[in-house]
Amino acid sequence: MLEVNNRDLKKKGKSLRNKGIITGMLKRKNGQVYNIQMNGNDLDTLVARSGLNLSLPIRFQGDLINTRIDIVQRDVIYHNIINVDLLEV
């Protein structure tokens, strides 16, 4: 289970990535969309072990949410994940 937090939009994505944080969006079933951030190493490890078609339980604002990965953007040179979109299942 990944710990996901609300993203502070005042901070640039590049400065967050330099700290090892992945940015992205969470799309809920009720139509709400949240800007999120999470630990990059944890997500890279899960994707490397299970691939992109995995059911991903996350903890967001105290709730346990089952999600799946919709879109992943990777760095051109290092191939690590820099942005991810999650859909609630």
Side-chain angles (χ1 to χ4, degrees):
M1 175 176 31
L2 283 175
E3 185 70 30
V4 176
N5 301 316
N6 275 328
R7 179 181 168 208
D8 183 14
L9 294 176
K10 294 179 183 176
K11 294 183 181 179
K12 297 285 186 181
K14 186 172 183 176
S15 66
L16 293 173
R17 285 192 297 273
N18 287 340
K19 295 177 185 175
I21 296 173
I22 294 176
T23 59
M25 283 192 332
L26 171 64
K27 298 173 187 173
R28 301 290 304 259
K29 284 183 180 179
N30 59 8
Q32 292 180 325
V33 178
Y34 297 98
N35 292 310
I36 58 171
Q37 66 184 23
M38 66 190 84
N39 186 350
N41 191 24
D42 296 341
L43 184 63
D44 277 334
T45 303
L46 283 173
V47 169
R49 288 182 183 167
S50 303
L52 292 174
N53 297 324
L54 70 131
S55 177
L56 187 63
I58 62 170
R59 183 169 302 281
F60 179 67
Q61 295 179 343
D63 296 333
L64 182 63
I65 303 170
N66 286 327
T67 62
R68 69 176 177 88
I69 297 175
D70 185 31
I71 299 172
V72 172
Q73 295 176 358
R74 293 183 176 267
D75 185 79
V76 175
I77 296 173
Y78 299 111
H79 301 289
N80 54 351
I81 298 173
I82 58 174
N83 195 358
V84 64
D85 290 352
L86 301 175
L87 293 176
E88 183 179 12
V89 179

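Because only heavy atoms are used, hydrogens play no part in the values below, and waters and symmetry mates are left out as well, while side chains stay in. Index from 1, following the sequence.
- In this structure, I71 CD1 and D85 CG are separated by 5.0 Å, a value rounded to the nearest 0.5 Å.
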For residues 52-69, dump all side-chain donor-acceptor pairs below 3.5 Å to protein atoms at least two apart in sequence or in another chain.
{"unit_1": "T67", "atom_1": "OG1", "unit_2": "L56", "atom_2": "O", "d": "2.7"}

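- L26 and L87 fall into different hydrophobic clusters, where Ile, Leu, Val, Met, Phe, Trp and Tyr side chains are chained together by heavy-atom contacts under 4.5 Å.
- Taking both residues in full, the closest heavy atoms of L16 and R7 are given as CD1-NE, 3.7 Å, listed atom of the first, atom of the second, then distance.
- Residues V72 and V4 are members of one and the same hydrophobic cluster, defined by side-chain heavy-atom contacts under 4.5 angstrom among Ile, Leu, Val, Met, Phe, Trp and Tyr.
- Residues I81 and R74 form a side-chain contact, since some pair of their non-hydrogen atoms from C-beta on lies under 4.5 Å apart.
- Checked against side chain to side chain contact (heavy atoms under 4.5 Å, CB included), R17 has the following partners two or more places apart in sequence or in another chain: K14, I82.
- Distance check: I36 CD1 to N83 CG gives 8.5 Å after rounding to the nearest 0.5 Å.
- Here the CG atom belonging to L43 is positioned 7.5 Å from the CG atom belonging to L86, to the nearest 0.5 angstrom.
- Remark: the backbone N or O of Y78 is paired with a side-chain donor or acceptor of D75 at under 3.5 angstrom.
- With sequence neighbours excluded, the residues that form a salt bridge (Lys or Arg N to Asp or Glu O under 4.0 Å) with R28 are E88.
- Rounding to the nearest 0.5 Å places CD of Q37 at 11.0 Å from CD1 of I22.
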